[in-house]
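Along the sequence shown, residues carry numbers from 1.
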Amino acid sequence: MTTTAPATTTHTWITACPTHHLHPEDPLAVLMPDHTQLVLVRTHTGHLHALDNIDPYTGAAVLARGIIGDHHGRPTLTSPLLKHTFDLNTGHSLTDPHTRLNTHPVRTRNHHIQIHTRPEQDTHTP
């Protein structure tokens, strides 16, 4: 399922979806107002994460179809294409220290999940 977040001109938080639309370990693709594609994830522990949906190794918007997992206690997202794995907390690739995804702050307000429009980290690839 893909959701399009409504554009807003006065706030830096956008509403992505109602909280009941995001199920644990079932990623959701979100199109931001600037046309950036993100993947929104709720882990089985209830933590929310928003990262780039574009796989930096292939350029395909497929990470929302990835597999949520765990690597030594850290929540991860594995791409369905080349099976590269990313730390959900930091966006860093677990296989390539020079590659990471942008991460965005996420919060819940009034039974809706909101994503901050400015990333916490910029993507860096070799």
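Across Phe86 and Gly91, no two heavy atoms sit closer than the pair CD2-O, 3.6 Å. Residues Pro80 and Gly66 come closest through the heavy atom pair CD-CA, 3.8 Å. Here the closest heavy-atom approach between residue Asn102 and residue Pro119 is recorded as CB-CB, 4.0 Å.
Gln37 has its side chain out of reach of Asp52: every pair of non-hydrogen atoms, C-beta onward, lies at least 4.5 Å apart. Under the 4.5 Å side-chain criterion, counting only non-hydrogen atoms from C-beta, Leu77 is not in contact with Ile67. At a threshold of 4.5 Å between non-hydrogen side-chain atoms, the residues Ile115 and Pro105 do not count as touching. Residues His49 and Val106 have side chains not in contact (no heavy-atom distance under 4.5 Å, counting atoms from C-beta outward). Side-chain contact between Leu48 and Ile113: present, with at least one pair of heavy atoms (C-beta onward) separated by less than 4.5 Å. Here the side chains of Ile14 and Thr117 are in contact, with some heavy-atom distance below 4.5 Å. Residues Pro27 and Leu40 form no side-chain contact, since every pair of their non-hydrogen atoms from C-beta on lies 4.5 Å or further apart.
One distance of note links NE2 of His35 with CG of Leu31; it measures 6.5 Å at 0.5 Å rounding. Taking CZ of Arg109 as the start and NE2 of His111 as the end, the distance is 12.5 Å to the nearest 0.5 Å. Considering NE2 of His104 and CH2 of Trp13, their distance stands at 11.0 Å, rounded to 0.5 Å. To the nearest 0.5 Å, atom NE2 of residue His21 and atom CG of residue Asp26 are 12.0 Å apart.
Annotation: Asn110, atom CG; neighbour count of heavy atoms from other residues, nucleotides and ligands within 6.0 Å does not exceed 12.
Between the side chain of Arg42 and the backbone N or O of Leu22 there is at least one donor-acceptor pair closer than 3.5 Å. A distance-only check finds a donor-acceptor pair linking the side chain of Ser79 to the backbone of Leu81 [under 3.5 Å].
Looking at His116 and Thr12, their side chains do bring a donor and an acceptor atom within 3.5 Å of each other. For the residue pair Thr95 and His84, a side-chain donor N or O sits within less than 3.5 Å of a side-chain acceptor on the partner. Side-chain contact annotation: Gln114 with Arg107, donor-acceptor N/O pair under 3.5 Å present. Residues Thr99 and Asp96 bring a donor and an acceptor atom of their side chains to less than 3.5 Å of each other.
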Take Asn53 and Leu51 through the test side-chain contact (heavy atoms from CB on, under 4.5 Å) and record every step on the way to the result. CA-CA 6 Å; Asn53 189 39; Leu51 300 97; over 6 Å; no
After noting the C-alpha distance and the side-chain angles of Thr85 and Ser93, does the key distance pass the side-chain contact (heavy atoms from CB on, under 4.5 Å) rule? CA-CA 6 Å; Thr85 301; Ser93 168; over 6 Å; no
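No path of Ile, Leu, Val, Met, Phe, Trp and Tyr side chains, each step under 4.5 Å between heavy atoms, connects Leu94 with Val62, placing them in separate hydrophobic clusters.
Test Leu38, Leu101, Thr78, Val41 against Leu63 for side-chain contact (heavy atoms from CB on, under 4.5 Å) and you get one pass: Leu101.
Identified under the side chain to side chain donor-acceptor pair (under 3.5 Å) test for residues 61-76, with sequence neighbours left out: Arg74-Asp87.
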